[in-house]
Amino acid sequence: MTLKNRISLLVSLLFTILFGLASTVIFILYSNYRKEEFRDRLEIKALSNIKLLVNVKQVDNQLLKIIDQNSINKLYDEKTLVFDSNYKLIYSSIDDAKINWSVDDLKYLKKNKTFFKQQGDYEVYGVFYDTNDKDFYALISATDDYGKKKLLFLRYTLIISYIFFTCVCWVITSFTVRKLMNPLNDFHQKIKNINENNLDTRIESKSSKNEIDLIADEFNFMMDRIEISYQKQKEFTAHASHELRTPLSRMTSQIENAVADPDIQPKNKSFLNGILSDVNHLGELIHSLLILSKIDNKRTETHETQRIDEILFSSIEKINKAFLDFVILFEIEESDDLDTALEIQGNKNLLEIALTNVLKNACIYSDNKQAKVKISTDHYHLIVSVSNTGNTLSEEEQKNLFQPFMRGQNAKGTSGFGLGLRIVQRILTLHKANIIYSIPNINTNLFQLFFNL
């Protein structure tokens, strides 16, 4: 789970739990308040009936019933019972409701003065009233229909509010966290694009100096140090390669002069030819390293207009001179905008090196001394395809195909250093182009170079 999803989940769960607890507490508090408020109403009604019955001489049972029937404080399904000190019922309201009572209830009232309890849907309140002459007990029962409706309304309101605001919270939290984490997403995307050829990436840091900005500053500082260190390594490689070219050139000249000496022994001549071959290979390696260094240091201009077909013809001519028995079949796919598509922005020398390396690769690893070259276009790219038949690469070898000094199993018995395709990729990257290897058919190698139109 990503960090932003985890934060969104935790914040939303926390709000959900707290809002649920708050809603439960509100409901419980209101439920208790309803009971207390209804208990007070029952108490007031019970005491008023006792006082009317006891203190007002003109009020008899029948009159009290009439007064009770027309009272503005009349309760729903109300039933009132009044007892004297001998537990004799002296008053009963005319309601049909019933109160389950016993003498023990009245004795409990005398001892504790009041009680309040639930009997089914009814709530019963009992009170003991003490006068100078006599004791009275009153039991009043009623249903708080109005209060329960309000409680039910509150319950539904809290449930709906809980569902609604929980959903709103989850949506707002997710949106807010995603927005706050956008700098980290940008950070992540830029880090993904960093490689040895793209060390100038830096993270924009705002003046707020929050935690993300502090990380961005430290990251930029780290990238500065890495870029400086990597640049020094490339400069060392370039300088070392350049310095090695002069002694190698002298060695090559001296060996060639020794081989050309007519008095040399055949055995010594064969030995010197072997050394000359190794020196030439070493010279090719140094030349390749210099090309890579030049590309990595971005010392080349790539803004001149070039025709890819002319560069390709020049590369084919070089290959034909080096490999006399190699055949290249050339094809251009016709299209309406082909003339315009053949023109690209780039450096002629570098592009010629790239195409020559691809053709040389096809020549070396071909099993029939033949390769097919095709120029085509799609809606977005100019495509140069080079294919040959021969041993193909495994999936693992394809993953590392463009890494320096990488050579596959099909390279056994052939000379090389594994830098040719690496140079091709770097040159194409410099020109904002791309190269892809695929196996369209059995024992068929296909390299496709894509140039943006």
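We count residues from 1, following the sequence as given. As a basis for the values below, the full set of heavy atoms in this structure was taken, side chains included, without hydrogen atoms, waters or symmetry mates. Predicted, not measured: the structure shown is a model, and the values here were computed from it.
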Does a side-chain heavy-atom distance below 4.5 Å link [X] with [Y]?
X: L359; Y: V373; answer: yes
X: K179; Y: T176; answer: no
X: V124; Y: N100; answer: no
X: L428; Y: L449; answer: yes
X: L329; Y: Q370; answer: yes
X: I308; Y: L355; answer: yes

With the threshold set at 4.0 Å, does a side-chain nitrogen-carboxylate oxygen contact exist between [X] and [Y]?
X: E352; Y: K348; value: no
X: K35; Y: E123; value: no
X: D105; Y: K117; value: yes
X: R41; Y: E36; value: no

Handout entry: For Y437, ring pair (Phe, Tyr, Trp, His ring centres under 6.0 Å) partners two or more places apart
Key =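 Result, ring pair (Phe, Tyr, Trp, His ring centres under 6.0 Å) vs Y437: F447.
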
Please name the pair of heavy atoms, one in [X] and one in [Y], separated by the smallest distance, quoted to 0.1 Å.
X: S8; Y: V177; answer: OG-CB, 3.4 Å
X: T157; Y: S161; answer: O-OG, 2.7 Å
X: A341; Y: T377; answer: CB-CG2, 3.7 Å
X: I439; Y: L393; answer: CD1-O, 3.6 Å
X: V386; Y: A362; answer: CG1-CB, 3.9 Å
X: S366; Y: N388; answer: CA-ND2, 3.6 Å

Does a side chain donor of either [X] or [Y] reach within less than 3.5 Å of an acceptor in the other side chain?
X: W170; Y: T16; result: yes
X: E43; Y: T114; result: no
X: S102; Y: D104; result: no

Exercise for the section: Classify the ring geometry between F450 and H381 as parallel (under 30°), tilted (30 to 60°) or perpendicular (over 60°). Expected result: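 It falls in the perpendicular class, over 60°.
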
Practice task
Would you please classify the geometry between the Y30 ring and the Y33 ring as parallel, tilted or perpendicular, with 30° and 60° separating the classes?
Solution key: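 Because their plane-to-plane angle lies in the 30° to 60° range, the rings of Y33 and Y30 count as tilted.
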
Handout entry: Flag if over 12 foreign heavy atoms under 6.0 Å of NZ, K372
Key =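 No, not enclosed.
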
Exercise for the section: Using a cut-off of 6.0 Å, state whether more than 12 heavy atoms not belonging to Q118 lie near its atom CD. Expected result: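 Atom CD in Q118 is crowded, with more than 12 foreign heavy atoms closer than 6.0 Å.
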
Exercise for the section: Establish, yes or no, whether the cationic atom of K267 lies under 6.0 Å from the six-membered ring centre of F271 and within 45° of the ring axis. Expected result: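 Because its charged atom misses either the 6.0 Å distance or the 45° angle limit, K267 does not stack over F271.
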
Practice task
Tell me whether the centres of the aromatic rings in F330 and F313 are closer together than 6.0 Å.
Solution key: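 Aromatic pair counts; centres sit under 6.0 Å.
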
Practice task
Quick one: pull up CD1 in I255 and CG in L276 and give me the separation to the nearest 0.5 Å.
Solution key: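 The CG atom of L276 is 5.5 Å from CD1 of I255, to the nearest 0.5 Å.
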
